[in-house]
Amino acid sequence: MPVQNAEVAGIFERVADLLEIQGANPFRVRAYRNAAQVVRSLPHALHELVEREEDLSKLPGIGRDLAAKIEEIVRTGSLALLEEIGREIPLSLIELLALPGLGPKRVRALHEELGIRTIRDLERAARAGRLRDLPGFGEKTERAVLAAIEKHAVGERRTLWIEAEDVVRTLTSFLEADPGVKRITAAGSFRRKRETVGDLDILVTCRRGAKIADRFVGHEDVAEVVSKGETRSTVILRSGLQVDLRVVPQVSYGAALQYFTGSKAHNVAVRRLAVKKGLKINEYGVFRGKQRVAGRTEQEVYAAVGLPFIEPELREDRGEIEAARRNRLPHLIRVEDIRGDLHVHTKASDGHATIEEMALAARRLGYSWLAISDHTRATRVAGGMDARAMRRHLRRIEEADARIKGIRLLKSAEVDILEDGSLDLPDAVLEEMDIVVCAIHSGFRLSREKQTERILRAMDHPCFHVLAHPTGRLIGRREPYEIDLERVIAAAAERGCFLEVNAQPLRMDLTDIWCKAAREAGVKLALATDAHDVAQLELMRLAVGNARRGWLEAGDVLNTLSWSKLKRVLSASG
DNA sequence: GCCGTTTTCGGCCCGACTGTTTTCAGTCG
């Protein structure tokens, strides 16, 4: 099994952690962290680039040294440097860094002064009261360390975007009740629409800082106040989600919004541009010397460094700065561009609403068409239909389509791709459908080679249109199955097939970086809620958010087409 | 360790809060 990009990134992250504990040059540490990030968001398998003898030092942030180290990891599965460092200090020190309040300096002191190597060692020392006498430590720190260890055992988890959205709604209306408040915006990874968020950053402009902080930490969902100040307060909610409140004056709103929206890597890149122009950017504005030259809006901030506005979803330092410089930023797709949903269920399989109910709900959303895609026989647990049942079901879709005005219903199904790559319905039934959505629901453990071949074989079927939830992952619950997405994308481009962006909050599949890769390969995407009831039709905003993170424009997705155009595209592909 | 329409050497983003400090280091985002 070839070395994956994530493993390379993991090794670089460990090297960075350990170098930092050793007190190495901070810029060298940053180089490793930066390289880890670049490798992680790279839509190409490093082992293939190495095989093809491509010049890795052309990658941003990768020079001759790191290129050689990537090659070493890909070829040998390990890195001599890491083993070398491991002979100097225990690798287990990395786990100590995960504890809040412990950074590289303190971890180093713990190791050097007390011989601590693991969290277990640390817990014993803290209970014995041996931490408080170390320079820079005290009783309070000792207690905090113990508390952190206890929490660590519970394990931390990122929060799904949609759950964060709920918290944002609650807190926003709570804070708005304070008459001094002017504006409230949730920034951070939530605003960038990442599939999960680590914490929430809420930005507030108001007349008096102190009062709003009091109100904030007093919310009934707050379990713990981590810190509280005039401009910044941090709490942990009962759900475990950390929320930061930032209070800034009106004139700084744009600068603060830009700053706290991130990503960190994007901000670093923007500030680098500012430095070159003799400017300084912080959360209060853009400054030349002591003179504030911008900061009221985000547009002003970007303009100050000579860039057009960059949409939050693009701010990941994945080429957006360069694109902005050349005025080549994509015109990102918007929710208003969507004219239909390409994959929803009904009571005919495991949905909870009838065809009619789904159709009327879609019409209320302003859609002009809707694809009804219920399960087939192989997915028995979900009430999958065999050929006869599916035929009857298709007739019912036709009847509903004739009866309900103002929306077009597409005959479809979520057809199982069987282990041999064949489709789970006879060709004659597939040929009756407007759009054939295909998916894997079993045989997740096939080898990468076999899984990929299975999908390519399915794509060879003349009726195949869309590959639904292409990697099968469930965030935090199930890893994606082994699959060579680069080959799948190339094959889809060749055959004129489409890849789905599934909006179910746990799926969000394809992910942003693969959306971008598909777009670059000329493959169109099919946004779909996979809705199992009427309310879930509104998950479309999640698919759109993901699509925007993947640089997709209206022209890159099927959902922006009118029914007549969609029909032409589908028959050309089928 | 990377990078270069000011540089192949000398830079490399910035501020708030906490705790242990008597003016600041460490951590965090």
Side-chain angles (χ1 to χ4, degrees), chain A residues 12 15-17 19-21 23-38 56-70 81 96-110 131-145 148 187-190 197-203 209 213 217 225-235 242-248 252 255-256 258-287 301 305-306 317 325:
Chain A
F12 283 164
V15 169
D17 284 346
L19 285 175
E20 209 170 17
I21 293 170
N25 176 353
F27 299 107
R28 187 178 170 213
V29 173
R30 186 189 293 171
Y32 278 98
R33 282 204 209 292
N34 184 40
Q37 190 227 335
V38 167
L56 297 175
S57 71
K58 289 225 172 75
L59 297 172
I62 308 290
R64 273 180 53 191
D65 182 275
L66 285 173
K69 287 198 167 75
I70 291 174
L81 171 67
L96 300 186
L97 287 176
L99 297 172
L102 287 191
K105 299 284 165 50
R106 284 178 170 163
V107 168
R108 183 183 190 178
L110 289 169
L131 261 48
R132 62 185 70 176
D133 299 327
L134 291 179
F137 285 74
E139 272 186 60
K140 227 170 169 175
T141 310
E142 193 173 85
R143 278 202 300 277
V145 163
S189 50
F190 176 77
V197 304
D199 61 10
L200 266 184
D201 296 279
I202 296 184
L203 187 66
V217 303
V225 180
V226 178
S227 69
K228 176 166 166 276
E230 289 268 315
T231 66
R232 177 181 153 191
S233 304
T234 299
V235 302
Q242 175 174 315
V243 185
D244 290 356
L245 181 79
R246 319 274 185 158
V247 186
V248 296
S252 301
Q258 197 282 327
Y259 187 95
F260 294 120
T261 295
S263 67
K264 200 171 171 177
H266 173 86
N267 284 358
V268 167
V270 171
R271 271 173 264 159
R272 242 197 316 260
L273 287 182
V275 171
K276 277 189 192 157
K277 291 180 181 290
L279 300 169
K280 186 182 77 169
I281 300 183
N282 59 30
E283 59 263 57
Y284 300 109
V286 182
F287 296 86
V301 175
V305 293
D317 194 23
R325 246 183 183 156

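Every chain is numbered from 1 and lettered A, B, ... according to where its sequence line falls, protein lines coming before strand lines.
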**OP:** Verify the contact: side-chain N or O of A:K264 to OP1 or OP2 of B:dC28, cut-off strictly under 4.0 Å; return yes or no.
**Re:** no
Original post:
Using atom P of each nucleotide, how far apart are B:dG11 and B:dT7 to the nearest Å?
Top reply: 14 Å
Original post:
A:I281 CD1 to B:dG15 P: how many Å, rounded?
Top reply: 11 Å
Original post:
What integer number of Å spans the C1' atoms of B:dG10 and B:dG15?
Top reply: 25 Å
Original post:
So what does A:F260 hit on the nucleic acid, given a heavy-atom distance under 4.0 Å: a base, only sugar-phosphate, or nothing?
Top reply: nothing
**OP:** Please determine, for the side chain of A:R28, which listed nucleotide (B:dA16, B:dG1, B:dC14) has the closest atom?
**Re:** B:dG1
Can you tabulate the close N/O pairs, meaning under 3.5 Å, that link protein atoms to atoms of nucleotides 25-27 of chain B?
residue: B:dT27; atom: OP1; partner: A:G103; partner atom: N; Å: 2.7
residue: B:dT27; atom: OP1; partner: A:G103; partner atom: O; Å: 3.1
residue: B:dT27; atom: OP1; partner: A:R106; partner atom: N; Å: 2.9
residue: B:dT27; atom: OP2; partner: A:K105; partner atom: N; Å: 3.2
residue: B:dT27; atom: O5'; partner: A:G103; partner atom: N; Å: 3.4

Original post:
So which nucleotide from B:dG15, B:dG29, B:dG1 ends up closest to the side chain of A:D244?
Top reply: B:dG29
Subject >> Gap between atoms CD and P, on A:E142 and B:dT20 respectively (whole Å) >> reply: 10 Å
**OP:** Please work out if A:K277 contacts a base, only the sugar-phosphate, or nothing of the nucleic acid, heavy-atom cut-off 4.0 Å.
**Re:** nothing
Subject >> 5′-ward residue of the pair A:K140/A:L97 relative to DNA chain B >> reply: A:K140
Original post:
Would you say A:K228 reaches B:dA16's phosphate, i.e. side-chain N/O to OP1/OP2 under 4.0 Å?
Top reply: no
**OP:** Starting from C1' on B:dC28, measure out to CD on A:Q242 and report it in whole angstrom.
**Re:** 9 Å
**OP:** Start with the C-alpha gap between A:Y32 and A:D17, add the side-chain angles, then the distance that decides, and say whether side chain to side chain contact (heavy atoms under 4.5 Å, CB included) holds.
**Re:** CA-CA 9 Å; A:Y32 278 98; A:D17 284 346; over 6 Å; no
Subject >> Spacing of the P atoms in B:dC2 and B:dT6 (rounded, Å) >> reply: 23 Å
Original post:
So, is A:T141 close to the B:dT20 phosphate, meaning a side-chain N or O under 4.0 Å from OP1 or OP2?
Top reply: yes
Original post:
Any side-chain heavy-atom pair from A:L56 and A:K58 closer than 4.5 angstrom?
Top reply: no
Original post:
Whole Å only: how far is the CG atom of A:L273 from the P atom of B:dC14?
Top reply: 13 Å
Subject >> Note, A:I202 side chain near A:V243 side chain (heavy atom, < 4.5 Å) >> reply: yes
Subject >> Sidechain N-carboxylate O distance under 4.0 Å for A:E20, A:R33 >> reply: yes
Original post:
Are any side-chain N or O atoms of A:R106 and backbone N or O atoms of A:G101, one a donor and one an acceptor, separated by less than 3.5 Å?
Top reply: yes
**OP:** Give one of base, sugar-phosphate or nothing for A:N25, where a contact means two heavy atoms less than 4.0 Å apart.
**Re:** base
**OP:** For nucleotides B:dC9 and B:dC14, find the distance between their P atoms and express it as a whole number of Å.
**Re:** 25 Å
Subject >> Whole angstrom value for the distance that separates P of B:dG29 from CZ of A:R246 >> reply: 9 Å
**OP:** Scan A:R30 against the nucleic acid and name what it touches under 4.0 Å (heavy atoms): base, sugar-phosphate only, or nothing.
**Re:** base
Subject >> Residue-phosphate contact under 4.0 Å: A:R232 side-chain N/O, B:dA16 OP1/OP2 >> reply: no
Subject >> Side-chain donor or acceptor of A:E142 paired with backbone N/O of A:L131 under 3.5 Å >> reply: yes
Subject >> Spacing of the P atoms in B:dG26 and B:dT21 (rounded, Å) >> reply: 12 Å
Subject >> Distance, C1' atom - from B:dT20 to B:dA25, rounded to whole angstrom >> reply: 9 Å
Original post:
Closer than 4.0 Å, any side-chain N/O of A:Y259 to the OP1 or OP2 of B:dA16?
Top reply: no
Original post:
Between B:dC12, B:dC2, B:dC17, which nucleotide has the shortest distance from any of its atoms to the side chain of A:D65?
Top reply: B:dC2
Original post:
Where the side chain of A:S252 meets the backbone of A:Y284, is there a donor-acceptor pair that is under 3.5 Å apart?
Top reply: yes
Subject >> Spacing between A:R132 atom CZ and B:dT21 atom P, to the nearest angstrom >> reply: 13 Å
**OP:** Starting from P on B:dG15, measure out to CG on A:N282 and report it in whole angstrom.
**Re:** 5 Å
**OP:** Return the nucleotide paired to B:dT8: Watson-Crick means purine N1 to pyrimidine N3 with N6-O4 or O6-N4, wobble means G-U with N1-O2 and O6-N3, both under 3.5 Å.
**Re:** none
Original post:
OP1 or OP2 of B:dC17 sitting under 4.0 Å from any side-chain N/O of A:T231?
Top reply: yes
Original post:
Closest nucleotide of DNA chain B for A:L279 versus for A:D201: which of these residues is on the 5' side?
Top reply: A:L279
Original post:
Which residue, A:V226, A:V235, A:T234, forms the side-chain contact (heavy atoms from CB on, under 4.5 Å) with A:D244?
Top reply: A:T234
Original post:
NA contact type, A:E20, heavy-atom cut-off 4.0 Å: base, sugar-phosphate, or nothing?
Top reply: nothing
**OP:** Could you tell me whether a side-chain N or O of A:E139 sits under 3.5 Å from a main-chain N or O of A:R132, the two making a donor and an acceptor?
**Re:** no
Original post:
Nearest-Å distance, NZ (A:K276) to P (B:dC12)?
Top reply: 12 Å
Original post:
Does the side chain of A:K264 reach to within under 4.5 Å of the side chain of A:N267, using non-hydrogen atoms?
Top reply: no
